[in-house]
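Structure record follows, encoded as structure tokens.
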Amino acid sequence: MNRLGKKANETLIEMARSADDDIAILTKFKPSQSEGEECNGPETISTAGSEIPSSSEIDKRHQSKDSIFFRDGVRRIDFVLSYVDDLNKEWEKKLERRKEFESNLQKAGLELETEDKKESEDGKIFFVKIHAPWEVLITYAEVLNIKVPIRENDIPPMVENPLDCVLFPLRLPEKVMHPEPDYFTAPFSKDKQELYLINDESTFFSPSMRNRIVNYILTRCPYGTEEGKKKFGIKRLLNNGTYTAAYPLHDCQYWKKASDPNCDSERYTLYMEWARFLRFYKEQPLVLIRKYYGEKIGIYFAWLGFYTEMLFLAAVVGLICFLYGLFTMDENMSSKEICDPAIGGEIIMCPLCDRDCEYWRLNTTCESSQYSHLFDNVATLFFAIFMGIWVTLFLEFWKRRQARLKYEWDLVDFEEEQQQLQLRPEYEAKCTQKKKNPVTQEMEPYLPLTSQAVRFCISGATVLFWVSLIIASMIAVIVYRLAVYAAFASLMENTQTLQPISGVLTPQLATSVTASCLNFVIIMILNFFYERIAIWITDMEIPRTHMEYENRLTMKMFLFQFVNYYSSCFYVAFFKGKFVGYPGAYTYMFNRWRNEECDPAGCLIELTTQLTIVMAGKQIWGNIQEAIVPWICNWWGRRKARNNPENLYSRWEQDHDLQTFGALGLFYEYLEMVIQFGFITLFVASFPLAPLLALMNNILEIRVDSWKLTTQYRRPVAAKAHSIGVWQEILNGMAILSVVTNAFIVAFTSDMIPRLVYYYAYSENEDSPMSGYINNSLSVFLISDFPERNEPKENPENFVICRYRDYRYPPDHEKKYLHTMQFWHILAAKLAFIIIMEHVVFIVKFFVAWMIPDVPADVKAKIKREKYLTQKILHEYELEKLKERLCQGDTRATEKEFIATEGRMELSRAM
């Protein structure tokens, strides 16, 4: 099986031990070739120094539009580079870079073929097609520790689920869900090729593996020395304009299969079975997604699909709680008393603002109090506790699903360090100083401590400035609420009837809706700028590894988004109406604007309004950005190509005109979903329908993400990942925080605790315990005690007293306007409720987490079986080699070595 000649063995034997070794391999490697045979044919392969193809060309019209092969129709195109030969002042420098870079790529064993700009659709773009031959693939498969099949899996499949017949309509065809058999795998070694199931060298490594290997070479290939520094990597060449794009090819058009029978047309299959919205009820073909896009994208869609499945349960329970509030709306004693003309109509409330506002009757808030009951009822408490347990089940069951995927996708022994702990090319290029690595004992670049400290100080100050900017914008929105509240209150009142213009749109609600919309616009604007700032400061820090880079950027972006999206909700939930004061002694912001009061029915309805606008607005805007914007860009870019014959618009040109799915593409997808996760967990007690909205959005999100990835974006470079990374820790932190926030919302934002205290301790009517609650919850103020600053300009009906929402003694009491004992009872009950609820939920959470193992038992058995078989096969292989050497009279193959190898096999079996 070993096709490598002696010369190839000599040049490939050195593996990459450091960045310098990688570059050494890239510049020394040359593929084996027969005597008198050129490895690069003159008709198909461009030389490293040429900028145009050789004189003998095959007419492009004779090549299929969907061809993913070189002109010979045999060698597969694994990667494409494009550039524009513009004659500007840097033209010669770019030309030299390309010559050097392409020459080094050929020295690394890659084969190149250049398409002249005259062959391109616009007559301006050169395309360099790259093919990785077998020798290069097996070399770097060993470097990257890629696992390949050694034997077909002999473990019986799981027992059929009895619900399979019910779930059959949701299933996809077996050939789509499992496009190839399941194998036991082992890390590839080019010296043991006989071990592996190599039926066809051209298809042994999947296209995603091939483009991953080529990308590894491209990111480390040198192209010269500038300003005394060694320069390398395709990313730097893209940044300085030497190349305009670098991407692997899709295997066909998404709307029809490729005409080439050697092409699997996996893109077409993904589009037909996965990326169309009409398939929203079908399961996802995760194995095919992983095969086509790589494990990193596959694990994202697996997580998103699992999250959506779990949301179904939360959405059903939330909908039931909402329906409970809807059906019991007419039985709510509080809203009945507010709406009763004999009770609410006779209660005169104190003005909502100073001077310009007038006295108003409580029954003007009748409809808003009824709607408030939809979300502020006893089901709210149940749902808050349920969601605390649900989030634990979600995270624990996801760990089990993730463990199963790690086994099925050959990621069990995959250490993130194998990929992520490799030094970033940018780090190697910018760090000129070197020191010895204590682990590898190799010299490697490093960033001095002083430089790190300065960069971290600048980064921290920048993040702190932007977080402060968010807080300042939130304060500005609060000032807006306070400033326009008086205007709405005076505008919406009629001095003769004391009735608002509309029974639904109260001054509080009008202020809350407009402020929420303004806050959403500010959030979007700040997001737009901060995303670019976060990337800039993370680049400035020069993280050492890819893992460090992603983790630092993730924490910066999440911290900003957390404050940006949730600050307004925290204000309404925990601050609004809590520091109002009382008539005659109101509290003021900046000694000018009077603090807002909650609606007589509570602040929960306003929190619901805030949450709905921000959450729904973000989801709508996100889908517009993800789907419509790329479609418009691609339509605009392809408008000229539609006028040309189909056979002149090649596969690499079609993909070139698509949008780029950058290195941070998945980052933004995760961030969007984690922010949504915060909305449905941190504030779910105020809005039981939040999981339902999230469920509907996620059903659409899966299809939008799959549609744009399959049809609107270039094929991303495949990358490995065995988990969702740092996002798992963020979700765990939000799950714990959600228990606290929901306990505080139920205690301090809703009216549940005051009602329960009244029900059990202060009610005087045994037949109707909640009757009289509204009158009990409103304190009395003597109008003559108003200071001039607060007193309304007019009092046409000569009211003597007005009511306000608080528990204070009346003006004729010796403790005039001080808090009553009921206030302290309610406060104690709220604090006790928070402590009890938190402890109950946390105990249940930790018990559930302890009860559910992270790795399923059958997966553990399969992992052990695969490890055992792998060791057995490797030991048998070594034993056979020793026998051959003994038979051939190799004196180095001693009898003791043979006995030791057999003993190791017996020990392995015993273990």
Side-chain angles (χ1 to χ4, degrees), residues 302-325 375 377-403 566 569 573 604 607-608 611-612 615 619 670 672-699 701-702 724 727-747 749-750 752 833-834 836-854 856:
W303 176 81
L304 180 57
F306 182 77
Y307 172 42
T308 304
E309 291 172 12
M310 290 294 292
L311 274 177
F312 181 78
L313 176 62
V316 169
V317 177
L319 181 61
I320 292 173
C321 292
F322 174 79
L323 293 176
Y324 171 83
F375 310 105
N377 54 68
V378 70
T380 301
L381 173 59
F382 166 78
F383 193 59
I385 296 174
F386 167 81
M387 287 301 293
I389 299 172
W390 173 90
V391 73
T392 304
L393 293 173
F394 163 63
L395 294 174
E396 291 302 316
F397 282 126
W398 165 245
K399 289 179 185 177
R400 291 171 62 84
R401 177 71 65 89
Q402 190 171 254
Y566 303 143
C569 293
L604 200 68
L607 177 59
T608 303
L611 187 66
T612 305
M615 181 180 175
Q619 293 180 167
Y670 275 119
E672 178 186 3
M673 289 295 102
V674 170
I675 293 297
Q676 182 205 82
F677 181 81
F679 280 124
I680 69 163
T681 54
L682 296 177
F683 307 102
V684 75
S686 67
F687 190 34
L689 292 180
L692 180 61
L693 289 181
L695 174 64
M696 293 189 294
N697 174 80
N698 286 8
I699 291 173
E701 181 77 21
I702 291 174
I724 61 175
W727 298 109
Q728 181 80 34
E729 301 304 319
I730 291 176
L731 292 174
N732 288 333
M734 295 182 73
I736 294 173
L737 181 60
S738 67
V739 177
V740 179
T741 56
N742 282 302
F744 272 85
I745 287 173
V746 174
T749 308
S750 78
M752 180 175 298
F833 170 81
I834 292 172
I836 294 172
M837 178 178 169
E838 286 181 358
H839 280 70
V840 169
V841 176
F842 278 135
I843 289 172
V844 174
K845 278 170 63 70
F846 292 134
F847 179 74
V848 169
W850 175 76
M851 284 287 293
I852 302 175
D854 291 347

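Sequential numbering from 1 along the given sequence is applied to the chain's residues.
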Evaluation steps, salt bridge (charged side-chain N to carboxylate O under 4.0 Å, His left out), between E838 and K845: CA-CA 10 Å; E838 286 181 358; K845 278 170 63 70; over 6 Å; no
Any chance you could lay out the side chain to side chain contact (heavy atoms under 4.5 Å, CB included) test for F322 and L692, step after step, and finish with the verdict? CA-CA 11 Å; F322 174 79; L692 180 61; over 6 Å; no
Could you tell me whether a side-chain N or O of [X] sits under 3.5 Å from a main-chain N or O of [Y], the two making a donor and an acceptor?
X: T741; Y: L682; answer: yes
X: R400; Y: P853; answer: yes
X: T749; Y: A573; answer: yes
X: N697; Y: L693; answer: no
X: S686; Y: L607; answer: no

In a check of ring-ring contact (aromatic ring centres under 6.0 Å, His included) between F394 and each of W398, F397, W390, which one passes? W390
Dump the intermediate steps for side chain to side chain contact (heavy atoms under 4.5 Å, CB included) on I699 and L695, then the final yes or no. CA-CA 6 Å; I699 291 173; L695 174 64; 4.2 Å; yes
So, taking the atom named [atom1] in [X] and the one named [atom2] in [Y], what distance separates them when rounded to the nearest 0.5 Å?
X: C321; Y: L689; atom1: SG; atom2: CG; answer: 9.5 Å
X: F375; Y: S750; atom1: CZ; atom2: OG; answer: 13.5 Å
X: T681; Y: N742; atom1: OG1; atom2: CG; answer: 7.5 Å
X: T392; Y: M851; atom1: OG1; atom2: CE; answer: 14.0 Å

Heavy-atom distance under 4.5 Å between the side chains of [X] and [Y], does that happen here?
X: F846; Y: F842; value: yes
X: I680; Y: F687; value: no
X: I852; Y: L393; value: yes
X: M673; Y: F677; value: no
X: F382; Y: V317; value: yes
X: N732; Y: E729; value: yes
X: R401; Y: W303; value: no

Might you point out which heavy atoms bring [X] and [Y] nearest each other, and give the distance in Å?
X: I834; Y: A743; answer: CG1-O, 3.9 Å
X: L395; Y: A735; answer: CD1-CB, 3.8 Å
X: L611; Y: C569; answer: CD1-SG, 4.2 Å
X: V746; Y: A384; answer: CG2-CB, 4.2 Å
X: A314; Y: F386; answer: CA-CE2, 4.0 Å
X: V674; Y: I730; answer: CG1-CG2, 3.9 Å

Q676: what forms a side-chain hydrogen bond (donor to acceptor under 3.5 Å, both in side chains) with it, not counting sequence neighbours? Y307, Q619, N698
For M387 and V739: C-alpha separation, side-chain torsions, deciding distance, then whether side chain to side chain contact (heavy atoms under 4.5 Å, CB included) applies. CA-CA 9 Å; M387 287 301 293; V739 177; over 6 Å; no
Is the distance between the ring centroids of Y566 and F679 under 6.0 Å?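 Y566 vs F679: aromatic centres under 6.0 Å.
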Give every residue pair that meets the side-chain hydrogen bond (donor to acceptor under 3.5 Å, both in side chains) criterion with at least one member in residues 315-325, sequence neighbours excluded. none
Passing candidate, side chain to side chain contact (heavy atoms under 4.5 Å, CB included) with M752, options I745, L604, T380: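 The single option meeting the side chain to side chain contact (heavy atoms under 4.5 Å, CB included) with M752 is T380.
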